[in-house]
Amino acid sequence: MSRIGKKPVPVPAGVTANIEGRTLSVKGAKGTLSMPLADEVSYTVEDGGISVQPANDTKRARSFWGMQRTLVANLITGVTEGYTKQLLITGVGYRANVQGKNLKLQLGYSHDVDFAIPEGITIATPDQTTVNISGIDKQKVGQVAAEIRRWRKPEPYKGKGIKYAGEFIFRKEGKKK
């Protein structure tokens with residue numbers, strides 16, 4: 001029994017949600033998002049909320065129940081508030097800046113890394129060692145942050161690299177003499 005799935009997802013004022021076929025569309029102040037609906041779960045748009053219930057009593061339907069409710073809640077949060085991830089760059093000479101539709105990263109390689117900013121994502125660099133990624137789609141924001149971080153993951157000895165804000169890097173002790 002899903003405890004999170006039992007609660008209906010509240011739809012705030014200014015947000016409209018409708019189901020057409022097997023697609024849920026949510027429209028809000030920041031934009032429009034849609035997601036395909038799972039066959040194992042039934043969705044109902046009521047006044048003031050979206051209710052998610054398992055369509056049958058199978059194990060697969062019960063396991064999809066809470067996840068699908070969370071995905072619907074992510075759509076509503078995305079069109080009202082949006083999502084933001086912050087990356088911190090640590091290292092001598094490591095820096096980032098936005099140039100048009102590209103993020104230029106200098107990460108100690110012999111060449112600069114040009115990362116093309118995808119559609120629907122906004123990247124800002126308040127200073128040379130901070131990258132703010134924002135958008136309305138939680139999955140897309142997280143994927144872009146992971147792709148940027150993949151260029152230089154933080155290493156455990158000096159902590160150089162790209163890390164998420166608030167991420168703890170386990171530090172190792174260096175070689176002993």
Side-chain angles (χ1 to χ4, degrees), residues 1-89 96 98 100-103 105 114-126 130-151 153-154 162-168:
M1 202 64 155
S2 175
R3 283 182 279 193
I4 192 124
K6 289 180 188 176
K7 301 174 189 169
V9 180
V11 178
V15 175
T16 58
N18 60 341
I19 297 173
E20 295 176 11
R22 297 301 302 161
T23 306
L24 171 67
S25 298
V26 178
K27 186 175 184 180
K30 293 204 177 248
T32 303
L33 287 174
S34 63
M35 77 173 219
L37 301 178
D39 295 330
E40 292 85 1
V41 180
S42 64
Y43 307 83
T44 54
V45 177
E46 303 159 348
D47 54 312
I50 300 172
S51 177
V52 180
Q53 295 295 323
N56 48 40
D57 200 29
T58 62
K59 181 175 174 130
R60 184 173 169 87
R62 287 191 318 271
S63 65
F64 270 50
W65 184 14
M67 179 190 66
Q68 291 296 316
R69 191 253 182 220
T70 302
L71 291 175
V72 170
N74 288 346
L75 291 182
I76 291 176
T77 304
V79 297
T80 54
E81 302 166 21
Y83 290 98
T84 303
K85 287 255 186 200
Q86 187 177 42
L87 298 174
L88 304 174
I89 302 173
V98 176
K101 289 280 187 184
N102 287 330
L103 175 68
L105 299 166
D114 286 331
F115 182 80
I117 300 172
E119 201 67 34
I121 296 293
T122 306
I123 296 181
T125 51
T130 306
V131 179
N132 292 331
I133 304 159
S134 58
I136 61 172
D137 189 356
K138 185 176 186 177
Q139 192 274 332
K140 201 178 224 183
V141 169
Q143 183 65 38
V144 168
E147 287 173 7
I148 293 171
R149 183 180 184 269
R150 194 177 304 145
W151 280 103
K153 290 183 181 173
I162 302 173
K163 69 175 186 170
Y164 296 111
E167 179 183 10
F168 175 75

- Between Arg69 and Val52 the two heavy atoms that sit nearest each other are CA-CG2, 4.1 Å
- Message: Nearest 0.5 Å, please: how far is CG in Asn132 from CG in Leu88?
- Response: 9.0 Å
- Do you know which of Arg149, Lys153, Lys85 makes salt bridge (charged side-chain N to carboxylate O under 4.0 Å, His left out) with Glu167? Arg149
- Least distance between heavy atoms, Leu105 atom then Ala96 atom: CD2-CB, 3.4 Å
- To the nearest 0.5 Å, what is the distance between OG1 (Thr70) and NZ (Lys138)? 8.5 Å
- Of all the heavy-atom pairs spanning Val141 and Gly135, show the shortest one and how long it is. CG2-N, 3.5 Å
- Out of curiosity, Phe64 CZ to Thr58 OG1, how far, rounded to the nearest 0.5 Å? 9.5 Å
- Between Tyr83 and Asn74, is a side chain to side chain contact (heavy atoms under 4.5 Å, CB included) present by the stated rule, with each step listed? CA-CA 9 Å; Tyr83 290 98; Asn74 288 346; 3.5 Å; yes
- Answer whether the closest heavy-atom distance between the side chains of Ile89 and Thr130 falls below 4.5 Å. no
- Would you find a donor on one side and an acceptor on the other, under 3.5 Å apart, between the side chain of Arg62 and the backbone of Asp57? yes
- Note on the structure: Scanning both residues in full, the closest heavy-atom pair of Trp65 with Gly5 reads NE1-O, 3.2 Å
- Note on the structure: Given the options Thr122, Val131, Ile117, Val98 meets side chain to side chain contact (heavy atoms under 4.5 Å, CB included) only with Ile117
- Spacing of Lys140 atom NZ and Ile133 atom CD1 [to the nearest 0.5 Å]: 13.0 Å
- Query: At what distance, to the nearest 0.5 angstrom, does CG of Leu71 lie from CG of Leu37?
  - Reply: 10.5 Å
- Query: Closest heavy-atom contact between Ser34 and Thr23?
  - Reply: CB-CG2, 3.9 Å
- Message: Side chains of Val79 and Thr32, heavy atoms from C-beta outward: is any pair under 4.5 Å?
- Response: no
- Query: Can you tell me if Thr80 uses its side chain to pair, donor with acceptor, with the backbone of Ile76 under 3.5 Å?
  - Reply: yes
- Note on the structure: Taken to the nearest 0.5 Å, the spacing of Gln86 CD from Ser134 OG works out to 11.5 Å
- Message: Are the side chains of Phe115 and Asn102 in contact, using a 4.5 Å heavy-atom criterion?
- Response: no
- Sequence neighbours left out, what pairs pass salt bridge (Lys or Arg N to Asp or Glu O under 4.0 Å) with at least one residue falling in residues 114-126? Lys104-Asp114
- Query: Does atom NZ of Lys27 have more than 12 heavy-atom neighbours, drawn from other residues, nucleotides or ligands, at distances under 6.0 Å?
  - Reply: no
- Message: Does any part of the side chain of Ile162, heavy atoms only, come nearer than 4.5 Å to the side chain of Ile148, both counted from C-beta?
- Response: yes
Donor-acceptor contacts under 3.5 Å from residues 41-50 side chains, at least two apart:
unit_1	atom_1	unit_2	atom_2	d
Ser42	OG	Gln53	O	3.2
Tyr43	OH	Ala38	N	3.3
Tyr43	OH	Gln68	OE1	2.8

- Query: Nearest heavy-atom pair of Val144 and Pro118: which atoms, and what distance?
  - Reply: CG2-CG, 3.5 Å
